[in-house]
Amino acid sequence: MHPFLIALQFLTRIPVTSTGEWQAENAGKSLLYYPLVGLILGAVLVLMAMILQDQSPMLAAALILCCWVLITGGLHLDGLADSADAWAGAHGDKQRALDIMKDSRAGPMAIVMLILVLLVKFSALYVLLQLDAPELLLLAPMLGRASVIVLFMTTAYVREQGLGSDMKIYLPRQQAQLVLLLVCVMPVLVAGLPLAMALVVTGLVTLFFLRHLMLKRIDGMTGDTLGASIEICEAVILCVLVF
């Protein structure tokens, strides 16, 4: 199975016909394509913004956000919800936090975090549409998914078995560094150097703050905390775009 198809299947609900046999090595290589998948998602959002440009910005922002959630299947939002419940309910107990993340039930903190993050995204989208700069929508999904590569390169994966372990082992680090370099170039092309610098710096500060929390609470990352990182980084980047 081609690593790009793995990334596309895992991060979106875009129907893709897989070919070939599953290999752990390809799972690791699929991380290299996460920013590209984010760029594809961003292109869909830009297209929606262009189609809805004559509609109310508030309605357009709501529809774009709905598309954003549906095309990803709510995968990252689920990780955000599980992480929020674990942070609130574990009381400093690492194993309890990991157990809570496996629980499919959503507690009050999960609901609160989902509302807050979606509210921030909707508000930022509303302002961005009023600025008439739909091309900036390319950046948040791409940079959000690039954060996953950074975390895999710098942070331990705490669950010994599973897809994340394979990704950690088989991630081609030199190629990943090149991908991250290209990711840093893209905002310059789309938004200009000053805004690009603000996006990259703010994104990294946010990401490493989240990483600090992961290490403090569970000594590393899980699939849920990766999803939470994507959602929070996207929300922060959208805010930077409209400030």
Side-chain angles (χ1 to χ4, degrees), residues 1-45 67-80 82-83 101-102 137-187 200 203-204 206-208 210-211 214 218 220-234 237:
M1 186 186 299
H2 193 283
F4 170 68
L5 296 181
I6 295 176
L8 195 62
Q9 286 182 328
F10 187 67
L11 295 177
T12 74
R13 289 297 177 264
I14 297 174
V16 177
T17 302
S18 62
T19 58
E21 296 181 359
W22 172 268
Q23 293 180 344
E25 184 177 354
N26 283 336
K29 291 180 179 178
S30 72
L31 288 169
L32 302 175
Y33 295 92
Y34 275 34
L36 177 57
V37 173
L39 200 59
I40 293 171
L41 174 57
V44 173
L45 301 182
C67 175
W68 199 337
V69 172
L70 293 174
I71 201 172
T72 60
L75 174 66
H76 314 312
L77 289 171
D78 180 67
L80 175 66
D82 289 340
S83 298
M101 287 183 193
K102 288 185 175 181
L137 288 172
L138 288 169
L139 299 177
M142 181 194 68
L143 293 174
R145 281 148 192 79
S147 69
V148 175
I149 300 179
V150 176
L151 287 173
F152 268 103
M153 293 180 66
T154 62
T155 313
Y157 192 83
V158 298
R159 299 195 192 277
E160 296 181 358
Q161 297 180 343
L163 180 60
S165 296
D166 291 338
M167 289 178 167
K168 178 74 175 177
I169 294 170
Y170 292 104
L171 171 64
R173 299 182 70 86
Q174 290 186 340
Q175 295 178 42
Q177 292 171 2
L178 178 59
V179 169
L180 290 175
L181 179 61
L182 293 174
V183 166
C184 290
V185 171
M186 187 65 183
V200 172
L204 286 174
T206 302
L207 182 60
F208 279 95
L210 294 172
R211 179 180 181 273
M214 294 178 207
I218 57 174
M221 63 182 182
T222 67
D224 286 323
T225 62
L226 288 169
S229 298
I230 290 175
E231 287 292 336
I232 293 173
C233 285
E234 285 180 339
I237 289 164

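- Closest approach of Ala140 and Ile237 over heavy atoms only: CA-CG2, 3.9 Å.
- With sequence neighbours left out, the ring pair (Phe, Tyr, Trp, His ring centres under 6.0 Å) criterion links Tyr33 to His2, Phe4.
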For side chain to side chain contact (heavy atoms under 4.5 Å, CB included), just list the numbers for Met186 and Leu39, CA-CA rounded to whole Å, side-chain angles, deciding distance to a tenth of an Å, and then say yes or no.
CA-CA 10 Å; Met186 187 65 183; Leu39 200 59; 3.8 Å; yes
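- A 4.5 Å side-chain heavy-atom check between Thr225 and Met101 finds at least one atom pair inside the cut-off.
- Residues forming a salt bridge (Lys or Arg N to Asp or Glu O under 4.0 Å) with Lys168 (at least two apart in sequence, or on another chain): none.
- For Thr155, the side-chain hydrogen bond (donor to acceptor under 3.5 Å, both in side chains) partners are Arg211, not counting sequence neighbours.
- The distance from atom OG of Ser83 to atom CG of Leu210, rounded to the nearest 0.5 Å, is 9.5 Å.
- Every residue two or more places apart in sequence or in another chain that forms a side chain to side chain contact (heavy atoms under 4.5 Å, CB included) with Ser147 is listed here: Leu207, Ile230, Cys233.
- To the nearest 0.5 Å, the span separating OG1 on Thr154 from CD1 on Ile149 amounts to 11.5 Å.
- Scanning for side chain to side chain contact (heavy atoms under 4.5 Å, CB included) contacts around Leu204 gives Val200, Phe208, with sequence neighbours left out.
- Here the closest non-hydrogen pair linking Gly164 and Tyr157 is CA-CZ, 3.5 Å.
- When side chains are defined from C-beta on, Val37 does not count as touching Leu41, because their heavy atoms never get closer than 4.5 Å.
- Nearest heavy-atom pair, Ser30 versus Ala7, reported as atom, atom and distance to 0.1 Å: O-CB, 3.5 Å.
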Under 3.5 Å, side-chain donor or acceptor atoms of residues 67-79 against the rest of the protein: list the pairs with distances, not counting sequence neighbours.
unit_1 : atom_1 : unit_2 : atom_2 : d
Thr72  : OG1    : Trp68  : O      : 3.1
Thr72  : OG1    : Val69  : O      : 3.0
His76  : NE2    : Arg145 : NH2    : 3.4

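- Once rounded to the nearest 0.5 Å, the distance linking CD1 of Ile40 with CD1 of Ile14 reads 6.0 Å.
- Taking CG from Leu36 and CG from Leu182, the interatomic distance works out to 11.0 Å, rounded to the nearest 0.5 Å.
- Partners of Leu171 by side chain to side chain contact (heavy atoms under 4.5 Å, CB included), not counting sequence neighbours, listed by chain and number: Leu31, Leu32, Phe152, Met153, Ala176.
- Side-chain contact between Glu234 and Met142 is absent, with no heavy-atom pair separated by less than 4.5 Å.
- Annotation for Pro35 and Val183: closest pair CB-CG2, 3.6 Å, computed over non-hydrogen atoms.
- To the nearest 0.5 angstrom, Asp224 atom CG is 10.5 Å from Met214 atom CE.
- Qualifying side-chain hydrogen bond (donor to acceptor under 3.5 Å, both in side chains) partners for Glu231, counting only residues two or more places apart in sequence or in other chains: Lys121.
- Listed by chain and residue number, Lys29, Tyr170 satisfy the side chain to side chain contact (heavy atoms under 4.5 Å, CB included) test with Glu25 (two or more places apart in sequence, or in another chain).
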Exercise for the section: Any chance you could lay out the side chain to side chain contact (heavy atoms under 4.5 Å, CB included) test for Leu151 and Ser229, step after step, and finish with the verdict? Expected result: CA-CA 9 Å; Leu151 287 173; Ser229 298; 3.6 Å; yes
Inset, instruction - Any chance you could lay out the side chain to side chain contact (heavy atoms under 4.5 Å, CB included) test for Arg159 and Met221, step after step, and finish with the verdict? - result: CA-CA 8 Å; Arg159 299 195 192 277; Met221 63 182 182; over 6 Å; no
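- Among all heavy-atom pairs drawn from Pro141 and Leu45, the shortest one is CG-CD1, 4.0 Å.
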